[in-house]
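Right, one structure below, let's go through it.
So that the names make sense, note that chain A is the first sequence line, chain B the second, and so on, each numbered from 1.
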Protein chains: 2
Amino acid sequence: MVRFRSTYEHNIDSKGRLAIPAKMRAAGDLGPGSELIAAVFLDNCIKLFPVGEWEKLEDDLLSLDSSDPAVREATRKVIGSSQELELDGQARVVLSKALLDYANLSASSLALVVGVGSHMEVWNPETYQASGGSRSNEDLFGLVMSNRKASPAPLSVNLSYGPSAS
Amino acid sequence: MVRFRSTYEHNIDSKGRLAIPAKMRAAGDLGPGSELIAAVFLDNCIKLFPVGEWEKLEDDLLSLDSSDPAVREATRKVIGSSQELELDGQARVVLSKALLDYANLSASSLALVVGVGSHMEVWNPETYQASGGSRSNEDLFGLVMSNRKASPAPLSVNLSYGPSAS
DNA sequence: GTGCCGGTGGGGAAAAGTGGGGAAGGTGAA
DNA sequence: TTCACCTTCCCCACTTTTCCCCACCGGCAC
């Protein structure tokens with residue numbers, strides 16, 4: 001199973017390109033020609049998934065009851081906002097303007113690349129700072145631990161996009 | 001399995017032609033001469049299916065109990081409103097006035113082409129915006145996740161064109 | 001000091017998107 | 001039946017964007 005960790009500062013160049021940190025390339029077995037899926041939902045950051053991980057999530061979405069307009073809307077938003085990105089010869093991806101806008105990023109700016117287990121997240125440093133302002137580390141960790149006790153079962157995926165957001 | 005993703009802005013030219021985005025052509029193995037099925041049901045957009053995907057949907061409809069007037073009506077509306085479209089030499093399709101009208105589109109206007117797994121959807125950008133205005137990403141995703149837990153059972157296809165449309 | 005690896009920048013070729021002209025075919029009126 | 005007109009479709013040409021490749025720069029290790 002794929003496990004991305006750590007945080008890196010990387011520049012987005014004038015063409016909107018972002019180099020995948022070498023450690024993450026190693027962790028995800030990514031090289032020139034590999035594909036990543038970029039998606040924007042929940043949190044103001046760009047989420048980068050290996051194709052396999054992303055397809056699991058897509059499968060879940062596509063198996064829902066599509067007679068429900070809200071399900072169709074969610075599917076459309078999540079899958080419709082995703083993009084396939086191919087790594088160039090220098091292991092970089094091009095982030096489209098739409099993606100950058102969503103995360104308050106732009107070409108020729110600094111970004112944080114955060115490893116979050118199954119995927120990576122690309123943040124505007126200021127947005128990242130601000131998003132964590134409301135809760136202390138202790139609070140957050142306490143929440144995670146109590147969840148673990150309450151439902152020992154399948155916390156794997158849920159934590160990644162989980163209900164804790166609500 | 002076919003998996004359309006992403007959203008593209010494309011112009012519908014003065015002749016009502018829409019170019020299929022290159023990535024979607026790749027995803028659906030579409031080229032000049034290929035066929036797509038256009039259909040209008042649920043949501044104010046034009047849905048474009050590869051023939052194979054569409055036929056699955058037709059099969060599901062036709063396997064329903066046709067003694068039920070609602071089933072006959074749904075079948076008639078869905079299959080009856082569909083059109084075969086052939087891609088021209090530049091991988092474009094001609095959208096008829098009836099299709100454009102349904103989606104609040106017209107010749108010489110801008111459209112969004114959204115990939116939603118098995119099919120693509122063509123939207124008027126304003127209609128698209130308005131259709132999702134009511135809910136936040138968090139709400140939608142929360143809904144998806146709670147559905148996931150609540151009903152692990154696979155949905156049948158029936159639900160897709162269900163009576164909720166009436 | 002030197003070589004390698006990771007990160008950065010930019011130029012040129014190829015592909016994608018867009019627009020329009022003209023032939024072919026079909027329809028309706030004289 | 002013939003002509004005129006309109007629609008449809010096919011092809012060509014242009015513009016913009018993308019992406020692929022090459023080159024450089026700095027730092028760390030040997």
Side-chain angles (χ1 to χ4, degrees), chain A residues 4-38 46 48 83-101 105-115 120 122-123 125, chain B residues 4-36 38 48 83-101 105-115 120 122-123 125:
Chain A
F4 297 106
R5 297 195 184 93
S6 307
T7 299
Y8 301 86
E9 284 191 1
H10 267 224
N11 282 312
I12 296 171
D13 72 19
S14 59
K15 293 184 178 178
R17 294 178 299 192
L18 173 76
I20 305 299
K23 289 271 184 168
M24 300 207 176
R25 270 183 268 156
D29 195 25
L30 304 169
S34 299
E35 278 200 352
L36 286 172
I37 307 287
I46 303 167
L48 297 176
Q83 302 186 13
E84 297 167 13
L85 304 180
E86 190 174 335
L87 276 67
D88 71 10
Q90 280 74 253
R92 292 175 293 194
V93 290
V94 180
L95 301 175
S96 68
K97 187 152 190 320
L99 290 174
L100 292 172
D101 283 348
L105 288 164
S106 66
S108 304
S109 70
L110 188 68
L112 294 181
V113 184
V114 186
M120 299 170 267
V122 184
W123 287 81
Chain B
F4 295 105
R5 299 191 181 99
S6 307
T7 299
Y8 299 87
E9 283 190 2
H10 267 220
N11 283 312
I12 296 171
D13 70 20
S14 58
K15 296 181 180 179
R17 295 177 299 191
L18 173 76
I20 306 299
K23 289 268 180 151
M24 300 206 175
R25 271 182 267 155
D29 195 25
L30 304 168
S34 298
E35 277 201 353
L36 286 173
L48 297 176
Q83 301 184 11
E84 296 172 10
L85 304 180
E86 189 175 335
L87 276 67
D88 72 9
Q90 278 75 254
R92 292 175 293 196
V93 290
V94 180
L95 301 175
S96 68
K97 188 150 189 324
L99 289 174
L100 291 172
D101 283 347
L105 288 164
S106 67
S108 303
S109 69
L110 189 68
L112 294 181
V113 184
V114 185
M120 299 169 267
V122 185
W123 287 81

Whole Å only: how far is the [atom1] atom of [X] from the [atom2] atom of [N]?
X: B:Lys15; N: D:dC11; atom1: NZ; atom2: P; answer: 13 Å
X: A:Asn11; N: C:dG6; atom1: CG; atom2: P; answer: 18 Å
X: A:Leu95; N: D:dC19; atom1: CG; atom2: C1'; answer: 15 Å
X: A:His10; N: C:dG9; atom1: NE2; atom2: P; answer: 12 Å
X: A:Met24; N: C:dG7; atom1: CE; atom2: C1'; answer: 15 Å
X: A:Lys97; N: D:dT17; atom1: NZ; atom2: P; answer: 13 Å
X: B:Ile12; N: C:dG17; atom1: CD1; atom2: C1'; answer: 14 Å
X: B:Asp13; N: D:dC12; atom1: CG; atom2: P; answer: 18 Å

Which one, D:dA23, C:dA16, C:dG19, comes nearest to the side chain of B:Ala22?
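Nucleotide nearest to B:Ala22's side chain: C:dA16.
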Proximity to the side chain of B:Gln90 - top-ranked nucleotide from D:dC10, D:dC19, D:dC12
D:dC12
To check you understand the geometry: which heavy-atom pair defines the closest contact between B:Leu30 and B:Met120, and what is its length?
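Reported closest heavy-atom pair: CD1-CE, 4.1 Å.
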Quick one: label [X] by what it contacts on the DNA or RNA (base, sugar-phosphate, nothing), any heavy atom closer than 4.0 Å.
X: B:Asp88; value: nothing
X: A:Glu86; value: nothing
X: B:Ala19; value: nothing

Measure distances between side-chain N and O atoms of A:Arg17 and base N and O atoms of C:dG10, and say whether any donor-acceptor pair falls under 3.5 Å.
yes
Once you round to the nearest 0.5 Å, how far does CG of B:Leu100 lie from CG of B:Leu18?
9.0 Å
Rounded to the nearest 0.5 Å, how far does CD1 of A:Ile20 lie from CG of A:Leu87?
5.5 Å
Please determine if a side-chain N or O atom of B:Arg92 lies less than 4.0 Å away from the OP1 or OP2 oxygen of D:dC11.
no
Report yes if at least one side-chain N or O of B:Arg25 is closer than 4.0 Å to OP1 or OP2 of C:dA15; otherwise report no.
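No, B:Arg25 has no side-chain N/O under 4.0 Å of OP1/OP2 on C:dA15.
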Is there a side-chain contact between B:Val122 and B:Leu99 (heavy atoms, below 4.5 Å)?
no
Could you check whether atom CD of B:Glu84 has more than 12 heavy atoms from other residues, nucleotides or ligands sitting under 6.0 Å from it?
no
